[in-house]
Asker: 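Below: one structure in structure tokens.
Whatever order the structure lists ligands and atoms in, that order sets their numbers, starting from 1. All heavy atoms count here, side chains included; hydrogens, waters and symmetry mates do not.
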Amino acid sequence: MSSFPKRVFSGVQPTGNLHLGNYLGAIRKFVALQKESDCIYCVVDLHAITQSIDVWGGAEGLMRSTREVTAAFIASGIDPKKHIVFNQSRVPQHAELAWIFNCVARMGWLNRMTQFKEKAGKDRENASVGLFAYPTLMAADILVYRGTHVPVGDDQKQHLELARDIAQKFNNDFSDRIAKLGLGVEMAVGDTTVNGYFPLTEPVIEGEATRVMSLRDGLKKMSKSDPSDLSRINLTDDADTIARKIRKAKTDIEPLPSEAKGLEARPEADNLVGIYAALADMSRDAVVSEFAGKQFSVFKPALADLAVEKLAPIAGEMRRLMADPGHIDAILKDGGERAGAIAEKTMADVRDILGMLR
Ligand code: AMP
Ligand code: TRP
């Protein structure tokens, strides 16, 4: 058990097309964690600009998507008064700590990041420096609040391991200074206890939908950037669109098995059952035992009804919130002020630890 106070942090990029994978893999967990912990949820606009401007849509696109992600947080049930919701660039301490982490992290560590390889594609020479350094900014996002728990989808696991490596190297490199200033905190790591300034953050990757796949290809992740809109259910889709996308989702011709084991090697079937399970708060096993031996012509309409029941109210509430951008901006401003106060305390310590005179 860490002796850092439990603090949840997570972020979502404002790059348009928020989808069911974002909701089930991340946002829904953000909502659940509010009951037990202090939570900080961030719209990571500095991360969005690491990709090509066509992806994030320039200034107009960024403003719109930042408000849309904020609206999705609130429509899903995040309470911005009890917790903190803000956009990353409002708190410049994220970028400041990221620079320091650029000097802690090693090239070799970042060279292993699979997300960089995927996003940069073949033309690596033309990727932004920011895309390469993306994970050090992500570590700074979490650690500037000394965040202990980070709910994310499965694709972010490697980045969170890197955040732990950075925290550990920082704690080791500056251990004497941290002790001299009395800034160390005891924490349990495995069977031993170590002392450090930054916690070794725990990923929270659990449930039946940590990796929601494309509706058109069960081997590809559902993603904001897939050119086919049929590949994903957007959080803003209306009921008819949701039902149509599920009807058109790729499947095999077998009926549903009676045990979850029978979904192995059937990626499309596994994905639809996983989505059903997550939306209904059931296990995959419970879902297949309910639909054992049934054809997709029976399962898909049931899934569509469930998805509409759970998602349509969120879409409606998002539309209502988006109609009043001033209200959203006020939430972000208030959250940014509260986040900034915490982040500045951390940075003041970090500057002292490094010997930066003020
Ligand atoms: P992003 O859209 O990349 O900012 O992702 C925001 C959050 O959604 C992160 O926690 C991701 O891990 C999660 N996420 C994105 N795509 C998926 C997916 N297909 N399945 C599950 N989680 C996802
Ligand atoms: N990299 C995350 C994603 O693409 C977004 C993110 C940025 C994040 N900073 C974070 C997630 C800090 C968790 C914690 O999904």
Side-chain angles (χ1 to χ4, degrees), residues 7-30 33 39-51 55-56 65-66 68-69 72-73 76 86-89 91 94-95 97-98 101 113-116 118-119 130-131 133-164 166-167 199 201-226 231-235 267 270-271 274-275 278-279 339 343:
R7 177 174 277 154
V8 173
F9 182 94
S10 196
V12 174
Q13 298 188 69
T15 40
N17 292 331
L18 271 179
H19 53 71
L20 185 64
N22 297 128
Y23 179 66
L24 294 177
I27 299 172
R28 210 174 62 135
K29 290 190 247 168
F30 300 178
L33 284 162
C39 303
I40 304 180
Y41 296 127
C42 185
V43 186
V44 291
D45 46 11
L46 297 172
H47 276 110
I49 63 167
T50 59
Q51 284 179 274
V55 173
W56 54 273
S65 297
T66 300
E68 191 171 286
V69 173
F73 283 176
S76 303
F86 73 109
N87 57 310
Q88 189 184 28
S89 60
V91 180
H94 290 234
L97 186 59
F101 286 170
M113 294 294 115
T114 56
Q115 183 175 292
F116 173 75
E118 278 164 23
K119 288 202 172 156
L131 188 66
Y134 181 112
T136 59
L137 177 60
M138 180 164 160
D141 294 340
I142 302 162
L143 294 175
V144 85
Y145 304 101
R146 302 212 273 176
T148 56
H149 292 78
V150 182
V152 281
D154 174 72
D155 59 343
Q156 296 302 312
K157 196 169 169 192
Q158 194 185 31
H159 288 158
L160 293 182
E161 281 159 14
L162 188 89
R164 289 169 70 96
I166 290 175
T201 302
E202 307 262 353
V204 183
I205 305 174
E206 50 202 32
E208 296 287 345
T210 58
R211 192 174 180 82
V212 177
M213 307 309 277
S214 157
L215 299 181
R216 307 299 298 164
D217 177 350
L219 301 176
K220 256 182 29 196
K221 209 173 61 176
M222 183 177 287
S223 103
K224 289 172 174 166
S225 56
D226 194 311
S231 70
R232 67 182 157 260
I233 293 174
N234 299 305
L235 284 190
D270 182 59
N271 189 40
I275 291 171
L279 286 171

Asker: Using a strict cut-off of 4.0 Å, indicate which atoms of ligand 2 neighbour a heavy atom of F9.
Answerer: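 So the answer, numbered in order with elements, is 12 (C), 14 (C).
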
Asker: With a 3.5 Å distance limit and no angle check, can you tell me whether R211 reaches the backbone of M222 through a side-chain donor-acceptor pair?
Answerer: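 Such a contact is absent between R211 side chain and M222 backbone.
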
Asker: Would you please say whether a donor-acceptor pair under 3.5 Å links the side chains of Q115 and D155?
Answerer: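 Looking only at side-chain atoms, D155 and Q115 do not form any donor-acceptor pair under 3.5 Å.
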
Asker: Do H94 and Y145 have ring centroids that are under 6.0 Å from one another?
Answerer: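 Between Y145 and H94, the centre distance is under 6.0 Å.
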
Asker: Taking only heavy atoms of Y134, which atoms of ligand 2 are found under 4.0 Å from at least one of them?
Answerer: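 What qualifies from ligand 2 is 1 (N), 2 (C), 3 (C), 4 (O), 5 (C).
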
Asker: List, for ligand 1, each N/O atom that has a protein N/O partner under 3.5 Å away, with both atom names and the distance.
Answerer:
unit_1: ligand 1; atom_1: 2 (O); unit_2: N22; atom_2: ND2; d: 3.1
unit_1: ligand 1; atom_1: 2 (O); unit_2: K224; atom_2: NZ; d: 2.6
unit_1: ligand 1; atom_1: 4 (O); unit_2: Q13; atom_2: N; d: 2.9
unit_1: ligand 1; atom_1: 5 (O); unit_2: N22; atom_2: ND2; d: 3.4
unit_1: ligand 1; atom_1: 8 (O); unit_2: N22; atom_2: ND2; d: 3.1
unit_1: ligand 1; atom_1: 10 (O); unit_2: G153; atom_2: N; d: 3.2
unit_1: ligand 1; atom_1: 12 (O); unit_2: G153; atom_2: N; d: 2.8
unit_1: ligand 1; atom_1: 12 (O); unit_2: D155; atom_2: OD1; d: 2.4
unit_1: ligand 1; atom_1: 19 (N); unit_2: V212; atom_2: O; d: 2.8
unit_1: ligand 1; atom_1: 19 (N); unit_2: M222; atom_2: O; d: 3.0
unit_1: ligand 1; atom_1: 20 (N); unit_2: V212; atom_2: N; d: 2.8
unit_1: ligand 1; atom_1: 22 (N); unit_2: G21; atom_2: O; d: 3.2

Asker: Report the nearest protein non-hydrogen atom to atom 10 (C) of ligand 2: residue, atom name, distance rounded to 0.1 Å.
Answerer: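 In this structure, atom 10 (C) of ligand 2 has M138 CG, 3.4 Å as its nearest protein heavy atom.
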
Asker: Quick one: look up the protein heavy atom nearest atom 9 (N) of ligand 2 and list residue, atom name and how far away it is.
Answerer: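 The answer is D141 OD2, 2.7 Å.
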
Asker: So does D45 get a backbone contact from the side chain of Q88, meaning a donor-acceptor N/O pair under 3.5 Å?
Answerer: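 Answer holds: yes.
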
Asker: Heavy atoms only: give me the nearest A339-V91 pair and the separation to one decimal.
Answerer: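 For A339 versus V91, the nearest heavy atoms are CB-CG2, 4.1 Å.
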
Asker: Within ligand 2, which atoms have a heavy atom of H47 less than 4.0 Å away?
Answerer: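 Result: 7 (C), 9 (N).
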
Asker: Y41 pairs by ring pair (Phe, Tyr, Trp, His ring centres under 6.0 Å) with which of F30, F86, F9?
Answerer: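 The option that passes is F30.
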
Asker: Can you tell me if R232 uses its side chain to pair, donor with acceptor, with the backbone of S223 under 3.5 Å?
Answerer: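 Yes, the answer is positive, given that a donor and an acceptor are paired below the 3.5 Å cut-off.
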
Asker: Pick one of side chain, backbone, both or neither for how L160 approaches ligand 2, counting any non-hydrogen atom pair under 4.0 Å.
Answerer: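 Looking at L160 and ligand 2, no heavy atom falls under 4.0 Å.
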
Asker: Under a 4.0 angstrom heavy-atom cut-off, which atoms of ligand 2 come close to V150?
Answerer: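 Listed by number with element: 13 (C), 14 (C).
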
Asker: Using heavy atoms and a threshold below 4.0 Å, how should the contact between D155 and ligand 2 be classified: side chain, backbone, both, or neither?
Answerer: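 None of D155 does.
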
Asker: Would the distance check show the side chain of R164 and the main-chain N or O of T201 forming a donor-acceptor pair, the cut-off being under 3.5 Å?
Answerer: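 Checked: pair present.
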
Asker: Can you sort out which atoms of ligand 2 are near V152, meaning under 4.0 Å from one of its heavy atoms?
Answerer: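 Every atom of ligand 2 under 4.0 Å from some heavy atom of V152: 11 (C), 13 (C).
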
Asker: With sequence neighbours excluded, what pairs up with S76 under the side-chain hydrogen bond (donor to acceptor under 3.5 Å, both in side chains) test?
Answerer: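 Once residues adjacent in sequence are excluded, S76 has no partner under the side-chain hydrogen bond (donor to acceptor under 3.5 Å, both in side chains) criterion.
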
Asker: Identify the closest protein heavy atom to atom 6 (C) of ligand 2: which residue and atom is it, and at what distance?
Answerer: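 Atom 6 (C) of ligand 2 sits closest to the protein heavy atom G11 O, 3.8 Å.
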
Asker: Just by distance, no angles: are the side chains of Q158 and T114 close enough, under 3.5 Å, to form a donor-acceptor pair?
Answerer: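 Distance-only check passes for Q158 and T114.
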
Asker: Relative to the heavy atoms of V44, which atoms of ligand 2 are at a distance of less than 4.0 Å?
Answerer: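 The atoms of ligand 2 under 4.0 Å from a heavy atom of V44 are 7 (C), 9 (N).
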
Asker: Distance only, no hydrogens: is a donor on one side chain within 3.5 Å (strictly under) of an acceptor on the other, for N234 and H19?
Answerer: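 Their side chains do not contain a donor-acceptor pair, so the 3.5 Å distance test is not met.
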
Asker: So, for A48 and T15, which heavy atoms are closest and what is the spacing to 0.1 Å?
Answerer: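 Nearest heavy atoms, A48 then T15: CB-CG2, 3.8 Å.
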
Asker: Against heavy atoms of S10, which atoms of ligand 2 measure under 4.0 Å?
Answerer: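 Result: 11 (C), 13 (C), 14 (C).
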
Asker: Please determine if Q115 has a nitrogen or oxygen closer than 3.5 Å to a nitrogen or oxygen of ligand 2.
Answerer: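 The answer is no, given that Q115 and ligand 2 share no N or O pair closer than 3.5 Å.
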
